[in-house]
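Contents: one structure, followed by commentary.
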There are 2 protein chains.
Amino acid sequence: MVDTPDPASAQEQTTTVQVTPTQRELLDEVLDKWSLHVLDTLCERPRRFNELRRAIPVVTQKSLTATLRRLERNGMVERVVISDRPVAVEYRITALGDTLQDLIDALLGWSGEHLPAVEDARARFDGED
Amino acid sequence: MVDTPDPASAQEQTTTVQVTPTQRELLDEVLDKWSLHVLDTLCERPRRFNELRRAIPVVTQKSLTATLRRLERNGMVERVVISDRPVAVEYRITALGDTLQDLIDALLGWSGEHLPAVEDARARFDGED
DNA sequence: CTACCTGGTCACCGAAGGGAACTTCAACGA
DNA sequence: TCGTTGAAGTTCCCTTCGGTGACCAGGTAG
């Protein structure tokens with residue numbers, strides 16, 4: 001009732017490239033709130049777990065753990081056990097994760113550049129609509 | 001690869017630019033799962049509400065409405081009432097939203113390019129760890 | 001010993017998000 | 001005329017997600 005089974009017009013929006021749902025999922029996993037923070041922080045230099053917590057005070061341990069696991073699973077960061085005796089781990093960005101750095105910088109640059117316009121739009125929307 | 005270690009300042013690390021929490025919030029509002037879909041779709045051409053639903057079948061009305069409101073509030077899309085008698089609205093991307101298009105394309109391009117590597121990493125993580 | 005650090009896990013809980021029905025108004029059809 | 005369809009949502013319900021704080025195991029500093 002909702003879907004229209006017309007395979008003829010199914011490929012009506014073939015813009016430039018084929019974008020698979022899988023690509024979207026990947027972006028979902030990698031571009032979320034904390035991932036951006038973590039990747040951005042780790043791009044500077046490797047960090048210990050609690051070092052990351054201090055660098056990003058607003059994240060909780062649980063969310064940080066989850067984010068690091070997710071990024072590790074996707075090959076963006078690497079979990080390195082530095083010391084056994086006093087257990088110490090270090091997280092560092094991988095070569096694959098590094099390919100994201102330019103994009104993250106671009107995103108942060110964009111948000112900084114257009115923030116005034118966005119705040120203006122928000123004020124208009126909130127106040128006069 | 002990493003900037004020269006800075007033992008003197010144990011302060012926050014100001015890499016190149018100051019990134020405010022506000023910028024992160026903006027990216028959170030604009031880069032979420034459905035926003036990427038919607039912006040990408042609207043970049044092609046303006047669409048009606050149900051046209052968007054058909055273009056992005058996996059989104060629910062509720063989420064689509066919420067996404068469009070959020071994007072509208074942030075000045076990314078514009079809600080245009082075309083016809084009053086049979087109520088008809090059209091959503092179109094704004095000039096501000098258009099500044100995101102390059103970034104979105106870059107993100108989709110990145111995900112397409114590195115998807116194999118990511119899937120490889122996932123297989124390694126899931127299977128042998 | 002106690003206190004505190006590291007690197008987590010666990011149980012609870014409120015908010016966010018999805019599914020599906022319902023709404024309103026207008027048009028179409030027999 | 002009544003029923004159905006379509007547009008553009010809204011409302012309710014329920015599940016899931018993410019945050020909070022507690023807790024744990026092992027080391028180590030006082």
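Each chain gets a letter, A, B and so on, in the order its sequence line appears, and its residues count up from 1. Quick note: numbers below take in every heavy atom, side chains included, and nothing from hydrogens, waters or symmetry partners.
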Under 3.5 Å donor-acceptor pairs involving side-chain atoms of residues 99-110 of chain A, not counting sequence neighbours:
{"residue": "Thr99(A)", "atom": "OG1", "partner": "Leu96(A)", "partner atom": "O", "Å": "2.5"}
{"residue": "Thr99(A)", "atom": "OG1", "partner": "Trp110(B)", "partner atom": "NE1", "Å": "2.9"}
{"residue": "Trp110(A)", "atom": "NE1", "partner": "Thr99(B)", "partner atom": "OG1", "Å": "2.9"}

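- One finds no side-chain N or O of Arg47(A) lying less than 4.0 angstrom from the OP1 or OP2 phosphate oxygen of dT6(C).
- Glu78(A) is linked by a salt bridge (charged side-chain N to carboxylate O under 4.0 Å, His left out) to nothing, counting only residues two or more places apart in sequence or in another chain.
- Residues that satisfy the salt bridge (charged side-chain N to carboxylate O under 4.0 Å, His left out) test with Arg92(B), not counting sequence neighbours, are Glu90(B).
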Per-nucleotide protein contact string for nucleotides 8-30 of chain D (B base, S sugar-phosphate only, - none; heavy atom under 4.0 Å):
BBB-B-----BBB------S---

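- Residues satisfying the side chain to side chain contact (heavy atoms under 4.5 Å, CB included) criterion with Val87(B), sequence neighbours excluded, are absent altogether.
- Legend: ring-ring contact (aromatic ring centres under 6.0 Å, His included) pairs involving residues 60-106 of chain B, not counting sequence neighbours: none detected.
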